[in-house]
Colleague: 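Sharing a structure with you now.
Read the numbers this way: they start at 1 and go in the same order the structure lists the ligands and their atoms.
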Amino acid sequence: MLLDPWTVGVYGTACYLIYAVALVIYRFYYHPLAHIPGPTLAKGTYLFEWYYDLYLGGQLTFKLQELHEEYGPVIRINPDEVHIHDPDFFDEVYNQTNGRAVKPQRVAEVFGPYPAAMGTQTHELHHIRRSALNPLFSRRSVQNLVPTMRKSIDILCTRLYAACKSDETFNMKHMYAALTLDIINDFCFAMEPQSTAKSDFDRKWFDDLDTFLEFSLLSIHIPWVMSWGHSIPDSINKILAPAMADLLDFRQDISLLVEAIRHSRDKSHEKTRHNTVIHDLLQSKLPPPELERDRLRDEVFSLVTAGSGTTAYVLRGTAYHISASPTIQTKLHQELQSAIPDPTNPPPLPDLEKLPYLCAVINEGLRLCDPAAHRTERQLPDKTLNCHGTVIPAGTMLGMTSFLTHRNEQIYPDPLAFRPERWLGNEGKRLDRYLVSFGRGPRACVGMNLARAELVLILAAVFRRFYFDVKDVSRERDIELSRDCIVAAQAKDSPGILVKVRVA
Ligand code: HEM
């Protein structure tokens, strides 16, 4: 005899409840992480994490400090994940001696299921993809890009001189984002600088990116949302999420460009002094499937998105802190004035990289204005870790958060103060191992050399010539990290960083 729908519903619900209770009991008493301390709700369910990140909007990162104070250096933050807070353990988790390092799916695919190095889960495939990218971002390659970077920086300085005369207020948030976007676009596609010259610095593009990042926070907790979005046509995505329209069009344009470059139809790079990233990848030793059009498209798309907002974030925060302190501003300006007597004829990059105060300012900026807000997650299938006597089984999803290391009072006394002096002398050298803004190990930031060169060239050029009035900027609202949207985000009501400029 067939059961009526009501009875089926009752049995179904009862079975589900029994399953859910059994699962929670398993997680508490029989799970391989059962011995690791943490909040009760987090050990048994994902509700703890969802409450802080989805309901309160990217707040779990800030709660972590409190949890570590209560439960110790190794804690369970959801049924399947461990978080470690011990700055001396960073290399233990991320370095190469631990065998294979797997990037868990939820973080690998947080920006979409892209077949790019950044989105690759397995150690072996990541190694293949990363080996092709590494030479493109070596110190020597970056050195070759200096004229490219200077081209965009000169456009910005011309605009700033004009702003001095007109007493214009402008948004430093979009200004640095436009500059870094122009530089990475030139490197990837030999595209002439565009955004830096626009009156609003291409604001819509960056507002759309912010919306995309807010969405990424949802996708890290509910991964099927992003996968589903990628499985439906772009035309429907554009209706569902209009803020994504330009980004999706840009991604499609890259596909066309890959084919145009592959078949030598695009000659834009002949006007520049460098090959494009697409050229270099096409000439690399990558196996044929890795050279397919859409694979290359997604690799380059991830470079553009990872390589613009992050550096811009450090630039704008650092520029604010310099401008907010007359002492730091004067000290930096004096160093730059004697190193760069003629601002239109700056010294080579290696000479600028030796300026002690500029480097100290940059390190302090990387520390206090670190864009990587979210914990960096890994699984080490070949290694059981032991942290302060707590055994973490091989294969466990584990993470550490650079934000906590960078604000650790024992390492950086008065951690909220922007104090470049802490990086000077022998004491400063001791701190190097605790500056982890670019991550560590085989999956550390591939663009690190490029980012550092941009920071040196841009801050030297701008602060040699200009002073900024930041009296209308609220540090708490416009500068401080207040939401973890995977990348750091400011308060929702922040208007950006509105400043005026004058000649130094
Ligand atoms: C100050 C600026 C930057 C900071 C602080 C930063 C930070 C980071 C961090 C912490 C990671 C490691 C994430 C992980 O371990 O899972 C990373 C990865 C990555 N970054 Fe950056 N980044 C910056 C600039 C750049 C630039 C300029 C580029 C591009 C060209 C870039 C491209 C990438 C890519 C492709 C990855 C993934 C690497 C891989 O998985 O092999 N980043 N970045």
Colleague: Side chain, backbone, both or neither: which part of R452 comes within less than 4.0 Å of ligand 1 when only heavy atoms are counted?
Modeller: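 For R452, no heavy atom sits under 4.0 Å from ligand 1.
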Colleague: Taking atom 21 (Fe) of ligand 1 as the center, what protein N, O or S atoms are found at less than 2.8 Å?
Modeller: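 Hits for atom 21 (Fe) of ligand 1 below 2.8 Å: C445 SG.
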Colleague: What atoms of ligand 1 come within less than 4.0 Å of a heavy atom belonging to H126?
Modeller: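 Here the atoms of ligand 1 in question are 39 (C), 40 (O), 41 (O).
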Colleague: Would you kindly specify which portion of V314 sits under 4.0 Å from ligand 1, judged on non-hydrogen atoms: side chain, backbone, both or neither?
Modeller: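 Near ligand 1, V314 shows its side chain, while the N, CA, C and O stay back.
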Colleague: Any side chain to side chain donor-acceptor pair (under 3.5 Å) pairs touching residues 175-185, not counting sequence neighbours?
Modeller: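 Those involving residues 175-185 are D182-T196.
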Colleague: Determine yes or no for a side-chain-to-main-chain donor-acceptor pair under 3.5 angstrom, with R159 supplying the side chain and K198 the backbone.
Modeller: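 Between the backbone of K198 and the side chain of R159 there is a qualifying donor-acceptor contact (under 3.5 Å).
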Colleague: For D298, check salt bridge (Lys or Arg N to Asp or Glu O under 4.0 Å) against everything at least two apart and list the hits.
Modeller: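 Partners of D298 by the salt bridge (Lys or Arg N to Asp or Glu O under 4.0 Å) criterion, ordered by chain and then number, come out as R251.
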Colleague: Show me which atoms of ligand 1 lie under 4.0 Å from any heavy atom of A117.
Modeller: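 So the atoms of ligand 1 that pass are 40 (O).
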Colleague: Where is the nearest protein heavy atom to atom 36 (C) of ligand 1: which residue, which atom, and how far?
Modeller: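 Protein heavy atom with the smallest distance to atom 36 (C) of ligand 1: M118 CE, 3.5 Å.
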Colleague: Which ligand 1 atoms does T376 reach within 4.0 Å, using its non-hydrogen atoms?
Modeller: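 Result: 14 (C), 15 (O), 16 (O).
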Colleague: How about H388 and F89: are their ring centres within less than 6.0 Å of each other?
Modeller: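 Here the rings of F89 and H388 have centres that are no less than 6.0 Å from each other.
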Colleague: Give the ring-plane orientation class for H279 versus H269, where under 30° counts as parallel, over 60° as perpendicular and anything between as tilted.
Modeller: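 Ring orientation of H279 relative to H269: tilted.
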Colleague: Once the angle between the rings of F250 and F189 is folded into 0 to 90°, is it parallel (under 30°), tilted (30 to 60°) or perpendicular (over 60°)?
Modeller: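 Perpendicular: the ring planes of F250 and F189 meet at over 60°.
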Colleague: Please work out which of the three classes, parallel, tilted or perpendicular, describes the rings of H174 and F206, given edges at 30° and 60°.
Modeller: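 The arrangement is parallel - the two ring planes meet at less than 30°.
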Colleague: Is it the case that the side chain of R367 and the backbone of P415 share a donor-acceptor pair, with hydrogens and angles ignored and the cut-off at 3.5 Å?
Modeller: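 Confirmed, R367 side chain pairs with P415 backbone.
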Colleague: Checking a contact table here: which protein heavy atom is nearest atom 7 (C) of ligand 1, and how many Å away?
Modeller: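 Result: S437 O, 3.4 Å.
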Colleague: Tell me: protein heavy atom nearest atom 15 (O) of ligand 1, and distance?
Modeller: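 The protein heavy atom lying closest is R378 NH2, 2.6 Å.
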Colleague: Could you tell me whether some N/O pair between D370 and ligand 1 is separated by less than 3.5 angstrom?
Modeller: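 Between D370 and ligand 1, no N or O pair is found under 3.5 Å apart.
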Colleague: Tell me, which protein residue and heavy-atom name are nearest atom 12 (C) of ligand 1, and how many Å apart are they?
Modeller: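 So the nearest neighbour among protein heavy atoms is R443 O, 3.6 Å.
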Colleague: If the cut-off is 4.0 Å to any non-hydrogen atom of K103, which atoms of ligand 1 fall inside it?
Modeller: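 The list of qualifying atoms is 16 (O).
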Colleague: Ignoring hydrogens and angles, state whether a donor on the side chain of D478 or S494 is under 3.5 Å from an acceptor on the partner side chain.
Modeller: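 The answer is yes; a qualifying pair exists.
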Colleague: Need the ligand 1 atom indices (1-based, order shown) with element for anything under 4.0 Å from a heavy-atom of P371.
Modeller: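 Listed by number with element: 5 (C).
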Colleague: So, N134 and R130: side-chain donor and acceptor under 3.5 Å apart, yes or no?
Modeller: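 Yes, a side-chain donor-acceptor pair sits under 3.5 Å.
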Colleague: Check the angle between the aromatic planes of F137 and F187 and answer parallel, tilted or perpendicular using the 30° and 60° thresholds.
Modeller: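 F137 vs F187 ring planes: perpendicular.
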Colleague: Can you list the atoms of ligand 1 that are under 4.0 Å from a heavy atom of I184?
Modeller: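 Atoms satisfying the 4.0 Å criterion: 30 (C).
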Colleague: Distance only, no hydrogens: is a donor on one side chain within 3.5 Å (strictly under) of an acceptor on the other, for E421 and Y357?
Modeller: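 Short answer, yes.
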Colleague: At what distance is the nearest protein heavy atom to atom 30 (C) of ligand 1, and which residue and atom is it?
Modeller: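 The answer is F137 CE2, 3.4 Å.
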Colleague: What about R130: any of its N or O atoms under 3.5 Å from an N or O on ligand 1?
Modeller: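 Yes, at least one N or O pair falls under 3.5 Å.
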Colleague: For residues 482-491, which residue pairs pass the side chain to side chain donor-acceptor pair (under 3.5 Å) check, not counting sequence neighbours?
Modeller: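 Every pair satisfying side chain to side chain donor-acceptor pair (under 3.5 Å) with a residue in residues 482-491: T61-D484, E214-R483, Y313-Q490, R316-Q490, H374-D484.
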Colleague: For the side chain to side chain contact (heavy atoms under 4.5 Å, CB included) test, which of V258, I261, T276 pairs with D266?
Modeller: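 It is I261; the other options fail the test.
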Colleague: Which of the atoms of ligand 1 are close to T311, meaning less than 4.0 Å from one of its heavy atoms?
Modeller: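 Close to T311: 1 (C), 2 (C), 24 (C), 27 (C).
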